[in-house]
Amino acid sequence: MFNRKVISNLDLNDIGRMIGEQFDCKVDSIDFKDMKIIYDVYLELQEGINNYRDERVQEFVCEDNRIHYVIFHAIPLDAFLRSRIDSKKAKVSLSKKQFFIGSYSQDFEGLHNELTLSHNRLFRNGIFEVVIKYENRGDVNVSNPKSKFKEFVSESLDVYSELGISCPIVYFVTFTNVEGQEMATKPDVFTTAVTERNILDPAGVVINDKDQVDNEVHNIFVPILNDFGINDYYLFDESAGN
C-alpha cells in the first residue's frame, strides 16, 4: 500500500487542470465520469510518484554512517505522461542558473553533471534529481541543505518555465544514512536529540508559482527539525480560505 501522504498539498483541482491541458477538456463539461477519471489519475500519480522516489532514494542508502546524502527531487505532475524534453534547450537554460551551473553531458537517462560531492540530473521526462554528499562528523547539517533546497526550487521553476513545462511541480527532500546523528544548528552547536530514523523523507509539496516557495520550503523541513527535537511549525496561507 502506498503512502497517501506522499504529497501534502495536492488536490483534485491540480489533477483536473493537468488532464484539461493534456486532453483539451472543458472545465464546464466535467461530469461524474470525468471526476472518476480525475480521481483515478490522482491515486495513480500518488502511487507512481511515491514508488519512483523510493526507488531512487534506495540508490543512496548504505550502512556507512561516516557520510549521509541529501536528495532533492522535482517532479512535474505530467512527468509520467511525457516521453522527452528539449535537451538542447535545457542545457542552455541550466547554464544560466547559479544552482545548476556546470558542464552537462547526455546519457541514456537524460542530462547529468557529476561533481565530487554532488550530482545533478535532468531526466528525459523532466524530473530533476540532485544528490549532495556530506561527510558526517557525528552531526547532520540541516540549515545548509535548506538554503540549497530553496535555491533549487526557485531556479528549477525558472527552468521548467523556459522549457514550457507547466506547474504544478512536486518537490521532495530526503536525508539518508542519518540514524543516531545529532543536528548541527550552528558550527559546534548540536541538538541534544538524535534521530532514530536512517531515512528522513517528509511528504512532498506541490508548488504552482514562486510566491509559494518560502512557505513550502519551510514546511517541508518542519518534520525534519521536529525529529531532532526542535519545535518548529507549519506556515499556512491565510488567504487560501478567502
Side-chain angles (χ1 to χ4, degrees), residues 6-7 10 14-15 17-24 41 44-61 69-133 145 147-174 176 201 204-210 212-213 216-217 220:
V6 63
I7 306 170
L10 175 64
D14 294 319
I15 308 300
R17 284 194 296 271
M18 182 194 74
I19 291 177
E21 290 176 359
Q22 289 289 329
F23 302 106
D24 196 27
V41 171
E44 288 177 10
L45 275 173
Q46 290 267 32
E47 184 174 19
I49 290 172
N50 190 39
N51 289 342
Y52 176 84
R53 182 205 192 184
D54 285 348
E55 289 174 6
R56 295 301 304 169
V57 166
Q58 289 304 313
E59 297 284 329
F60 304 96
V61 177
Y69 294 95
V70 180
I71 307 165
F72 303 156
H73 282 113
I75 304 178
L77 274 192
D78 64 353
F80 298 108
L81 301 175
R82 180 190 304 277
S83 60
R84 57 185 178 272
I85 59 170
D86 187 335
S87 297
K88 186 176 181 179
K89 190 173 182 179
K91 270 189 175 183
V92 174
S93 179
L94 292 169
S95 69
K96 299 177 181 178
K97 306 295 183 292
Q98 184 62 39
F99 182 88
F100 294 106
I101 197 167
S103 178
Y104 284 82
S105 303
Q106 281 189 269
D107 58 17
F108 183 79
E109 295 178 320
L111 299 176
H112 71 276
N113 177 20
E114 302 283 349
L115 302 174
T116 303
L117 296 177
S118 67
H119 81 241
N120 300 337
R121 287 189 176 275
L122 178 57
F123 294 98
R124 293 186 185 277
N125 59 0
I127 293 176
F128 270 115
E129 179 179 86
V130 174
V131 180
I132 307 171
K133 180 180 178 181
S147 64
K148 287 183 177 294
F149 185 67
K150 183 176 179 180
E151 189 177 3
F152 164 70
V153 172
S154 182
E155 292 195 3
S156 63
L157 286 172
D158 290 337
V159 174
Y160 283 134
S161 177
E162 292 167 16
L163 294 179
I165 297 176
S166 301
C167 289
I169 310 296
V170 185
Y171 286 92
F172 295 98
V173 60
T174 311
T176 72
D201 53 349
V205 294
V206 172
I207 294 182
N208 284 285
D209 57 61
K210 284 196 170 183
Q212 296 177 272
V213 172
E216 296 304 340
V217 168
I220 204 170

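The analysis underlying the following values was restricted to heavy atoms, covering all of them including side chains, and did not include hydrogens, waters or symmetry mates.
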inquiry  = What verdict does the side-chain contact (heavy atoms from CB on, under 4.5 Å) test give for L117 and I132, after you've listed the backbone C-alpha separation in whole Å, the side-chain angles of each residue and the deciding distance to 0.1 Å?
reply    = CA-CA 6 Å; L117 296 177; I132 307 171; 5.7 Å; no
Looking at every heavy atom in both [X] and [Y], which two are closest together, and how far apart are they?
X	Y	result
L111	Q106	CD2-CG, 3.2 Å
N113	S103	OD1-O, 3.3 Å
L163	D86	CD2-O, 4.1 Å
A79	I127	CB-CG1, 3.8 Å
G204	I220	CA-CD1, 4.3 Å
F99	K148	CE1-O, 3.5 Å

So, does [X] use its side chain to make a donor-acceptor pair with the main chain of [Y] at under 3.5 Å?
X	Y	value
Y104	N120	no
E216	V205	no
S95	V92	yes
K89	E162	yes

Once you round to the nearest 0.5 Å, how far does [atom1] of [X] lie from [atom2] of [Y]?
X	Y	atom1	atom2	value
N50	D201	CG	CG	8.5 Å
K210	S154	NZ	OG	3.5 Å
D54	I49	CG	CD1	12.0 Å
L94	D158	CG	CG	11.0 Å
R56	T174	CZ	OG1	12.0 Å
D78	I165	CG	CD1	7.0 Å

task = Would you mind reporting whether L122 and F100 have side-chain heavy atoms less than 4.5 Å apart?
result = no
query = Quick one: are N208 and V206 in side-chain contact, heavy atoms under 4.5 Å?
reply = yes
request  = Check each of F152, Y171, F128 against F72 using the side-chain contact (heavy atoms from CB on, under 4.5 Å) test, and report the only one that passes.
outcome  = F152
Salt bridge present between E114 and R121 (N-O < 4.0 angstrom) =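 Here E114 pairs with R121 in a salt bridge, since their nearest N and O are under 4.0 Å apart.
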ask   = Does atom NZ of K91 have more than 12 heavy-atom neighbours from other groups under 6.0 Å away?
value = yes
query = More than 12 non-hydrogen atoms from neighbouring residues, nucleotides or ligands closer than 6.0 Å to NZ on K97, yes or no?
reply =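 Yes.
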ask   = Where does the angle between the aromatic ring planes of Y69 and F60 fall among parallel (under 30°), tilted (30 to 60°) and perpendicular (over 60°)?
value = tilted
Stepwise side-chain contact (heavy atoms from CB on, under 4.5 Å) test for H119 and H112 = CA-CA 7 Å; H119 81 241; H112 71 276; over 6 Å; no
